[in-house]
Number of protein chains: 2
Amino acid sequence: MGDRRYGGRSAQQRRGDRRERLLEAALDLIGTQGYAAATVGALCGAAGVSTRTFYEEFGGREDVLLAVHDQITAAGFAALTDALAATASEQLHARIHRSVHAYLGAVASDTRQARVAFVEVVGVSPRVERHRLAWRRRIIGLLETEAAATAHRVSSPRRDFRIAAIALIGAVNELGHHWSLQPEAMPLDAVATEITRLAAAAFAL
Amino acid sequence: MGDRRYGGRSAQQRRGDRRERLLEAALDLIGTQGYAAATVGALCGAAGVSTRTFYEEFGGREDVLLAVHDQITAAGFAALTDALAATASEQLHARIHRSVHAYLGAVASDTRQARVAFVEVVGVSPRVERHRLAWRRRIIGLLETEAAATAHRVSSPRRDFRIAAIALIGAVNELGHHWSLQPEAMPLDAVATEITRLAAAAFAL
DNA sequence: CCCATCTGGTCAGAGATCTTTTCAGAATCA
DNA sequence: TGATTCTGAAAAGATCTCTGACCAGATGGG
């Protein structure tokens, strides 16, 4: 059980490569056929990995779903955070517009990602559900903080933005889902504009 | 294979009764343990019905989920339609507020119903997904029509309300889900008020 | 009051998957 | 060549779904 080179790559590289291929196969299978169709066998077949190796990399089928979901949501979260930071000095409308644009661009521009994040990950098991809700809490917190800061800046009456944040997340995700289903029928800009309208009202000034 | 009375009830009554018990058991199991836990065996055990009888009443496990979902969503849809009709002459804000109140009262006041409608029914299979999206299209259509009529009444510029309708549905469902999880932390009135704020902006006048 | 008939539950099992472990053997390296 | 690495196939075990056979209790006609 040494770690000599094999196929021209080190043990770590080979291992990372397999994980990569498994994650890519998972995104593709879950995102196009659904989580139910992504059995361990199908996953391994698509990734060109043996079931034995699979269990060396992941604890089970569900772990792969969690990993893929993490990747997608983390990217979306980062895009949102970056956009908020990059537009900190801009007008509220432009800021929201660009942030929504960034978030949906990261999460929903790939139909498969959108399906995983908005559909396949919902209601799978208690564990996955905890995971999903933890992410959502994080985003709610981010929006709440941001809203409170904005309200403070324009010295608006302070109020609880939690409900507004939840509502916005629901709106964005639902639109992201629809948009990913028929991107041509619903330009991303129109979606961002609509959300901007709502968000401006929610964080009313 | 006659249909004589038995246990004091006709064949139809007995049959309807069993169906009733199965649906109640399904709402309870799916709404508290999740769809995955609602196996045919568990369903039959909870309903006091044999598996044989089960397959006389339903084509399979999925049919029960669809039936329960139909019940819940149809009730919500009816509550919404009724509220919209009953408030046709009222101010926009009051109208929206009461309609949201009615819809969420019907769908989300029972945690189990909310979980079935907002979580367990999502991403189960292509067939269930078609069902869910068909319902959503129906609600989108209702909101679109209503928005267009309102815009016409106040002679606002006509625009496409489809995106706004989708966003609102997402917001309402997400809040309904959260509300059902912790009703005490989030009074229904506050939820309705928030949605009213958003909807007024969405159907901007 | 009794029994042929109906009704519906219990039980067992065939058939299908899935998950996870184990094994044989091909490919690669030292 | 012999050890290492990894795939593909097969095996073991666990569920589930759905069907069919059997049985206890209820009913209504005689």
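Order of the sequence lines fixes the chain letters, A, B, ..., with proteins taken first and strands second; residue numbering starts at 1 for each chain. Basis for what follows: all heavy atoms, side chains included, without hydrogens, waters or symmetry-related copies.
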Mind calculating the distance between [atom1] ([X]) and [atom2] ([N]) to the nearest angstrom?
| X | N | atom1 | atom2 | result |
| --- | --- | --- | --- | --- |
| A/Glu56 | D/dC6 | CD | C1' | 9 Å |
| B/Glu57 | D/dC18 | CD | P | 15 Å |
| A/Leu22 | D/dC6 | CG | P | 13 Å |
| A/Leu43 | C/dT19 | CG | C1' | 13 Å |
| B/Tyr55 | D/dC16 | OH | P | 12 Å |
| A/Gln13 | D/dT5 | CD | C1' | 15 Å |
| A/Glu62 | C/dC18 | CD | P | 16 Å |
| A/Arg5 | C/dA30 | CZ | C1' | 13 Å |

task: Using a 4.0 Å heavy-atom cut-off across all strands, classify A/Thr39 as base, sugar-phosphate, or nothing.
output: sugar-phosphate
query: So what does A/Gly8 hit on the nucleic acid, given a heavy-atom distance under 4.0 Å: a base, only sugar-phosphate, or nothing?
result: sugar-phosphate
Side-chain donor/acceptor of A/Thr51 to base of C/dT21, under 3.5 Å: yes
task: Using modelled atom types only, decide if a donor and an acceptor are shared between the side chain of A/Glu129 and the backbone of A/Gly123 within a distance under 3.5 Å.
output: yes
Please determine whether a side-chain nitrogen of the Lys or Arg among [X] and [Y] lies less than 4.0 Å from a carboxylate oxygen of the Asp or Glu.
| X | Y | value |
| --- | --- | --- |
| A/Arg95 | A/Glu90 | no |
| A/Arg127 | A/Asp63 | yes |
| B/Arg162 | B/Asp160 | no |

B/Thr73 side chain near B/Val107 side chain, heavy-atom distance below 4.5 Å: no
statement: Nearest heavy-atom contact between A/His69 and A/Arg132 is CE1-CA, 4.1 Å
task: Could you tell me whether the phosphate oxygens of D/dC16, OP1 or OP2, come under 4.0 Å of any side-chain nitrogen or oxygen in B/Arg61?
output: no
query: So, is A/Thr53 near the phosphate of D/dT5, with a side-chain N or O under 4.0 Å from OP1 or OP2?
result: no
- prompt: To the nearest 0.5 Å, how far apart are CE in A/Met186 and CD in A/Glu194?
  reply: 10.0 Å
What N/O pairs connect the protein and nucleotides 24-27 of chain C at under 3.5 Å? Give each pair on its own line.
residue: C/dA27; atom: N3; partner: A/Tyr6; partner atom: OH; Å: 2.7

